[in-house]
Every structure is written in structure tokens, then in C-alpha cells.
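This report concerns only the one structure given below.
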Number of protein chains: 2
Amino acid sequence: MLEGFLFLYKMVPDGGRQILSFHVPGDIPDLQSLHLRVMDHGLATAIQSTVGFIPHDALRTLCHAHPPLADKFWRDTLIDAAIFREWIVNVGSREAPSRIAHILCEVFLKLQAVGLTNGNSFEFPITQGEIGDATGLSTVHVNRSIQKLRADKLISIEKGRCTIWDWERLKRAATFDPTYLHLKSVGDE
Amino acid sequence: MLEGFLFLYKMVPDGGRQILSFHVPGDIPDLQSLHLRVMDHGLATAIQSTVGFIPHDALRTLCHAHPPLADKFWRDTLIDAAIFREWIVNVGSREAPSRIAHILCEVFLKLQAVGLTNGNSFEFPITQGEIGDATGLSTVHVNRSIQKLRADKLISIEKGRCTIWDWERLKRAATFDPTYLHLKSVGDE
DNA sequence: CGATGGCTTGAAATCTCTCAAAGAAAGTGG
DNA sequence: CCACTTTCTTTGAGAGATTTCAAGCCATCG
């Protein structure tokens with residue numbers, strides 16, 4: 001993925017949609033299906049985005065030829081899995097405002113890691129309905145929870161851009177621990 | 001993992017515990033941390049279990065020497081990730097009885113795949129409190145939801161054993177689609 | 001300018017949780 | 001094998017969180 005904003009999702013038979021992860025430039029979300037026959041989820045763009053395609057066969061051949069490179073890609077999929085795990089915690093164990101705050105913390109750090117933040121603000125072109133699909137909340141409740149975060153002077157969201165006014169308190173409100181993002185990976189194997 | 005019943009979990013600062021996945025004999029849950037420096041979750045036994053240990057270094061060396069084997073292990077971690085994704089859907093988008101039903105469907109198929117079911121019943125040594133931690137529900141509500149599933153003649157749970165009385169209706173109640181388990185993998189690469 | 005999609009608000013209905021207590025089952029030590 | 005302790009299951013009832021329904025507002029786009 002080169003540019004824009006993507007997300008993975010699954011439809012639920014009852015008509016709902018569950019968003020499973022957000023992706024920013026530098027991510028390779030499709031790696032999750034490299035060794036699986038069928039894709040069990042969908043991948044959508046939140047805004048106009050630019051992506052590159054690498055045929056699975058070519059990538060598998062490349063990995064066979066260069067095992068250390070394979071490890072790097074493998075590691076990438078393991079980090080995605082760690083993020084999925086944290087999302088289980090998010091929708092399973094946090095109350096509404098914390099769930100939203102947690103997602104904002106995560107997206108902020110992911111964007112910061114690729115230099116796409118602007119000080120304490122970043123592009124966040126996600127509608128409240130989509131936040132609801134990501135957090136397992138109704139749009140109405142998302143709206144009220146965001147108002148709460150705004151009233152607490154933690155963040156503001158307007159015109160597809162989110163600004164973080166108090167990072168420390170936002171982290172605390174989200175019970176956010178960045179360990180699961182495994183970001184300090186420069187030089188890691 | 002050779003014998004017993006394991007689960008992955010994460011503690012939440014507020015004192016709660018979120019269970020992230022259940023594991024049965026044949027699984028290799030620790031593969032998730034093969035290429036990560038720090039383990040961001042815990043692994044616990046639900047009952048007395050037998051496990052084997054393979055040093056990460058040895059496994060990485062083995063994978064470098066045999067890329068097709070590495071693919072198999074990699075695939076295993078991707079399936080775990082697919083299960084994590086389905087769990088996000090479970091806690092995020094299903095109502096209480098469906099969440100529990102969904103977990104029962106999953107465990108049943110995983111056990112069946114390794115020949116550990118007995119007809120339509122299987123060992124399920126998980127307390128209602130643990131089911132609550134896995135589904136993001138309180139113990140009390142788990143209890144009432146199980147009673148509902150029982151009253152509907154879908155399942156029964158007693159003495160650490162679960163019996164499925166109506167698989168089709170249970171699947172429907174859980175909106176369970178086994179695709180994400182990627183079980184028909186015999187011979188798959 | 002009308003139409004669309006997203007945001008906001010109010011109020012009632014529903015789900016789920018917490019608290020509190022009692023009954024049932026399982027494990028421990030004598 | 002029994003008494004005791006602990007853990008697990010079950011029940012009731014009130015409190016709290018979240019959803020649904022319904023409507024109005026606002027910005028954007030053709």
C-alpha cells in the first residue's frame with residue numbers, strides 16, 4: 001500500500017459490517033492471505049488510495065530464495081496478528097470512549113512511524129459510522145462518545161483530520177500500551 | 001501443544017482479562033511470537049496439559065534450511081490470525097448467546113479435525129467465567145445466555161463436557177461460517 | 001438549488017452489568 | 001469416608017450502558 005487509507009472488514013449475515021483493521025501507507029495487508037486458499041475477509045478503501053500488487057506466486061518464490069527476507073514479511077504478518085489481538089481486547093473489554101480513543105492512538109502511532117503525522121494531528125478520513133463498525137458501537141453512540149472525548153479536551157476531529165490535544169491523558173483514557181505494535185523494529189530481525 | 005486445553009489472554013489495566021483464543025492438541029500457539037522480540041500476551045492452561053518446547057533459534061534455522069516447511073508454519077500463524085479476526089467479529093458484532101454458540105462451533109471443529117470429539121460431544125473444561133473473558137460478557141450474563149442455548153435444545157454443558165444437540169441450528173444461531181478456520185488443508189501448501 | 005451523506009439530538013426500549021446471596025460441585029486434609 | 005474450603009453455577013433485582021427509532025442540521029456535490 002502506497003497512499004491513502006484502507007481497512008479490512010467482514011460482513012455479518014445480520015447485515016452488519018465489522019472493520020478488522022486500518023491500514024496506512026507502508027502496510028502490506030494482503031500478506032495475510034499469502035498462504036491461504038480463500039480470503040475470508042474484504043479489503044476496502046476509505047478514501048482514494050494507491051496500492052501496488054505483487055502476485056502471490058512471485059512473492060513465495062522470492063521468499064524461498066531469500067529466507068531472511070521471508071522472515072521480514074512473516075514478521076509483518078505476525079505484527080498484524082498482534083494488532084488483531086489488541087482489537088479483540090478493544091471491542092471485548094473497553095467501554096465506548098476508550099475503544100475510540102484506542103483506535104486513535106493506534107492510527108496516530110502507525111502514521112507517525114511512516115512520517116505522515118503533522119505534529120499532533122493527522123489525516124483521519126473515517127466516518128463515525130465506520131468508527132462504529134470498527135468498535136462494535138452504533139453510530140449514535142460513537143457520536144456521543146466522541147463528544148465526550150472532545151469535552152475532555154483530549155482530541156478533536158473535523159474535516160477528516162484528527163488532532164490530539166493531550167497524548168498522555170488520551171493514552172490513559174484508552175489504556176493504550178504501544179507494545180503490541182512492535183514499532184521499535186528498526187534493525188530487528 | 002500435545003494434550004489438554006490452552007488459551008491466550010491479555011490483562012486489561014482495569015483488572016479484567018480478555019481471552020484471545022483457545023488451543024487444542026496439534027496447535028502451536030507460540031509461533032505467534034517467533035519473529036517478535038516481546039510477547040504481548042500470556043498463554044495459560046485451562047486444565048493440566050502437555051506441551052513441547054522448540055527453541056525459536058532452532059526453528060528459525062530449520063525454516064531457513066527448508067523454505068517449504070517454513071511456509072507450512074507461516075500458514076499456521078496466518079490461520080491463527082484469521083481466527084483472531086473472526087473473534088473481533090464475535091465480540092464486536094454478535095449478541096451474547098451467539099458469541100457463546102460461535103465459540104462452541106469453533107472448538108468443536110478444531111477438536112474434530114484432530115479426532116478429539118466423541119460423536120456430537122467434546123471435552124470443554126472452560127468455566128463460565130472464562131467464557132465471559134473470551135466473549136467480553138459478565139459471568140452472570142454468560143450463565144443466562146447458556147441457559148437460553150440449553151432451553152433452545154442446541155447444546156448442553158456439564159462436567160467439563162459439551163454436547164451439541166442440533167449442529168445446524170447452533171451454526172445458524174452463531175452465524176458460524178467455518179471458512180475462516182481453513183480446515184480443508186490436507187495437501188494444501 | 002435540490003439531493004446526498006454525514007453529524008447531531010432526544011427519548012424510549014433493550015441489553016448487559018453489578019451487587020448480593022444461595023445452591024451445587026469439586027478438591028483437601030484428617 | 002467425612003468435614004471443610006474453595007470454586008463454580010444459578011437466581012433476583014436495580015443500575016448503567018448502549019441501541020433503536022425518528023428527526024433535524026449541516027456541508028458537499030452535481
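We name chains A, B, ... by the order of the sequence lines, and we start the count at 1 in each one.
Expressed to the nearest 0.5 Å, how far CG of B:L154 lies from CD1 of B:I164 amounts to 9.5 Å.
As a whole-Å value, the separation of B:R144 CZ from C:dT16 P is 12 Å. Between the CD1 atom of A:I131 and the P atom of C:dT8 there is a distance of 10 Å, given to the nearest Å. Put simply, NE2 on B:H141 is 16 Å from C1' on C:dC19, counting in whole angstrom units. For the pair A:I146 CD1 and C:dT8 C1', the computed distance is 11 Å after rounding to whole Å. Rounded to whole angstrom, the span from the CD1 atom of B:I100 across to the C1' atom of C:dC15 amounts to 14 Å. Whole-Å rounding puts the B:I47 CD1 to C:dA26 P distance at 14 Å. As a whole-Å value, the separation of B:I157 CD1 from C:dA25 P is 16 Å. One can place CG of A:N143 at 7 Å from P of C:dT9, the figure rounded to the nearest angstrom.
For the pair A:N120 (side chain) and A:T163 (backbone), a donor-acceptor distance under 3.5 Å is absent. Checking side-chain atoms of B:S49 against main-chain N and O of B:F5 turns up a donor-acceptor pair under 3.5 Å.
Both B:E130 and B:V140 lie near DNA chain D, and the one whose nearest nucleotide falls closer to the 5' end is B:E130. Comparing A:K159 and A:V142, the nucleotide of DNA chain D nearest to each residue sits closer to the 5' end for A:V142.
Relative to the side chain of B:A96, the nucleotides C:dT16, C:dT18, C:dT8 differ in distance, and C:dT16 lies closest.
Here the range on DNA chain D touched by chain A, meaning any atom under 4.0 Å from one of its heavy atoms, is D:dT18 to D:dC21.
At a threshold of 4.5 Å between non-hydrogen side-chain atoms, the residues B:R17 and B:F7 count as touching. A 4.5 Å side-chain heavy-atom check between B:I131 and B:I146 finds at least one atom pair inside the cut-off. When side chains are defined from C-beta on, B:V89 counts as touching A:L20, because their heavy atoms get closer than 4.5 Å.
One finds a side-chain N or O of A:Q147 lying less than 4.0 angstrom from the OP1 or OP2 phosphate oxygen of C:dT9. The side chain of B:R94 places no N or O atom within less than 4.0 Å of a non-bridging phosphate oxygen (OP1 or OP2) of C:dC15.
Comparing the axis of the opening five pairs of the helix from C:dT8-D:dA23 to C:dG30-D:dC1 with that of the closing five pairs yields an angle of 50°, rounded to 10°.
Residue contacts shown for B:S138 include a base, since a base heavy atom lies under 4.0 Å away. Contact annotation for B:G160: no contact, since no heavy-atom pair falls under 4.0 Å across all strands.
Aromatic ring centroids of A:F84 and A:H41 lie 6.0 Å or more apart. The aromatic ring centres of B:W167 and B:F108 sit less than 6.0 Å apart.
At a threshold of 4.0 Å, the pair B:K171-B:D177 does not count as salt-bridged, since none of the basic side-chain nitrogens sits closer than that to a carboxylate oxygen.
Remark: the B:R85 side chain and the A:Q32 side chain contain an N/O donor-acceptor pair separated by less than 3.5 Å.
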